[in-house]
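Here the structure comes first, spelled out in structure tokens, and everything after it is commentary.
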Number of protein chains: 2
Amino acid sequence: MLLTSACKYGIQATIYLGMQKDDSFVSIKKIAEEFTIPFHFLTKVLQLLTQAGIVESTKGAKGGVRLGKDPDVITLFDIIAVIDGEGIFHDCMLGLPGCGLNTPCPAHEFWAPIRTKYEKSARAISLKDLASDTISKNLRIGK
Amino acid sequence: MLLTSACKYGIQATIYLGMQKDDSFVSIKKIAEEFTIPFHFLTKVLQLLTQAGIVESTKGAKGGVRLGKDPDVITLFDIIAVIDGEGIFHDCMLGLPGCGLNTPCPAHEFWAPIRTKYEKSARAISLKDLASDTISKNLRIGK
DNA sequence: CAAATAACGGACAATTTTGTCTTAATTACA
DNA sequence: TGTAATTAAGACAAAATTGTCCGTTATTTG
């Protein structure tokens, strides 16, 4: 599996936040219901993103979460890196430590270009891209 | 994580088998020691590959495993598909069922080309490619 | 100020993956 | 023929991931 469930949930949630018209807070419960994500689990995922500054939150009535930065400057790479770590973008396919140009594993030539394409694309696509596409093309994020 | 540990072990082991000069059987214990893979765990991974015909095995003294087909016709795709399933090559990045050209998710445009490149490359590279590279370039598979 | 709302944080349970151990079945060979 | 070697198979344990529950803290509103 490329991404953990936690990471998939995080991406869904942040795209949804990027789609909001104003900057008011959305409750996590609302997001969880929208995409049928276990509420308390989503809470923990969003806490990670909050700690990283990608998401802002306030407690209490009318509280909730919203993006902590301009959706233009939040990339898919950022979200994945916070939740799953950067490993998927850098690690050896066979898990060998130190695998690289100097001491490659047998799969290095195969995997390195794909991994690089993946990282570059993920760094190039912003939440704004994803969110505006979702609105303009009426895409579904969940369900 | 792209591949499970089971799958990484399976790839290491089959490359090693592809590197053997003759077609005699290699004991699983030998392979496990070579790459520091938990023996009984590797046993189960190789059983999967044996059931799929990618590997052949015999019990008893002088028993062990060897490739069940010409290394030319075994691809990296085959090995990954047997152990981890084909999901990684086909599934939606966000895990949405039915995501595709008709009803794409927001990440589809991003992920589909990478996934396709990954699948095509994996189908194009054989165990012979990997094994002969490992020999000629003196690459390491493990440790 | 009180009550309702909602994120935070910790404990705990379920599930999946990974790893270990034991026994059975099969084969080679002395 | 019997002993050692080796895969097969199942039970079980450990660890990681996923999911649930509950009490605390903070905020809005009446």
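Just so we're on the same page: letters track the sequence lines, and every chain starts at 1. FYI, side chains are in, hydrogens and waters are out, and symmetry mates aren't considered; it's all heavy atoms of this structure. Here the structure is a predicted model, which means the values were calculated and not measured.
Pairs engaging residues 54-73 of chain B under the ring pair (Phe, Tyr, Trp, His ring centres under 6.0 Å) rule: none recorded [sequence neighbours left out]. Residue pairs meeting the ring pair (Phe, Tyr, Trp, His ring centres under 6.0 Å) criterion with at least one member in residues 49-78 of chain B, sequence neighbours excluded: B/F77-B/F89.
When the side chain to side chain contact (heavy atoms under 4.5 Å, CB included) test is applied to A/D91, no partner is found at least two apart in sequence or on another chain. Applying the side chain to side chain contact (heavy atoms under 4.5 Å, CB included) criterion to A/F39, with sequence neighbours excluded, gives A/I28, A/K29, A/A32, A/T43. Every residue two or more places apart in sequence or in another chain that forms a side-chain hydrogen bond (donor to acceptor under 3.5 Å, both in side chains) with B/D22 is listed here: B/S24. Scanning for side chain to side chain contact (heavy atoms under 4.5 Å, CB included) contacts around B/H90 gives B/E86, B/E119, with sequence neighbours left out. Applying the side chain to side chain contact (heavy atoms under 4.5 Å, CB included) criterion to A/K137, with sequence neighbours excluded, gives A/D133, A/L139, B/E109. Partners of A/N102 according to the side-chain hydrogen bond (donor to acceptor under 3.5 Å, both in side chains) rule, which considers only residues two or more places apart in sequence or in another chain, do not exist here.
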Under-3.5 Å N/O pairs linking protein and nucleotides 12-16 of chain D:
none

Below 3.5 Å is the cut-off: list the nitrogen or oxygen pairs between protein and nucleotides 20-23 of chain D, distance only.
| residue | atom | partner | partner atom | Å |
| --- | --- | --- | --- | --- |
| D/dC22 | N4 | A/H40 | NE2 | 3.2 |

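Of the residues in residues 51-64 of chain B, B/K59, B/G60, B/A61, B/K62 come within less than 4.0 Å of DNA chain C through at least one heavy atom, sorted by number.
Note: the hydrophobic cluster containing A/F35 does not contain A/F25 (ILVMFWY, side chain heavy atoms under 4.5 Å, direct or indirect links). No chain of hydrophobic side-chain contacts below 4.5 Å, direct or via other Ile, Leu, Val, Met, Phe, Trp or Tyr residues, connects B/M1 to A/I11.
For the pair A/I83 CD1 and D/dT17 C1', the computed distance is 14 Å after rounding to whole Å. Between A/I28 atom CD1 and D/dA26 atom C1' there is a gap of 14 Å when expressed in whole angstrom units. When rounded to the nearest whole Å, the span between CG of B/L42 and C1' of D/dT7 equals 12 Å.
Using a 4.5 Å heavy-atom threshold, the side chains of A/L76 and B/M93 count as touching. Side-chain contact between B/L94 and B/C99 is absent, with no heavy atoms from C-beta onward closer than 4.5 Å.
Of all non-hydrogen atoms in B/M19 and B/I141, the two that sit nearest each other are SD-CD1, 3.5 Å.
Taking 4.0 Å as the cutoff to heavy atoms of chain B, we find the contact window on DNA chain C bounded by C/dT18 to C/dC29.
Dashed line: the shortest gap from a side-chain N or O of A/Y9 to OP1 or OP2 of D/dG19 is under 4.0 Å.
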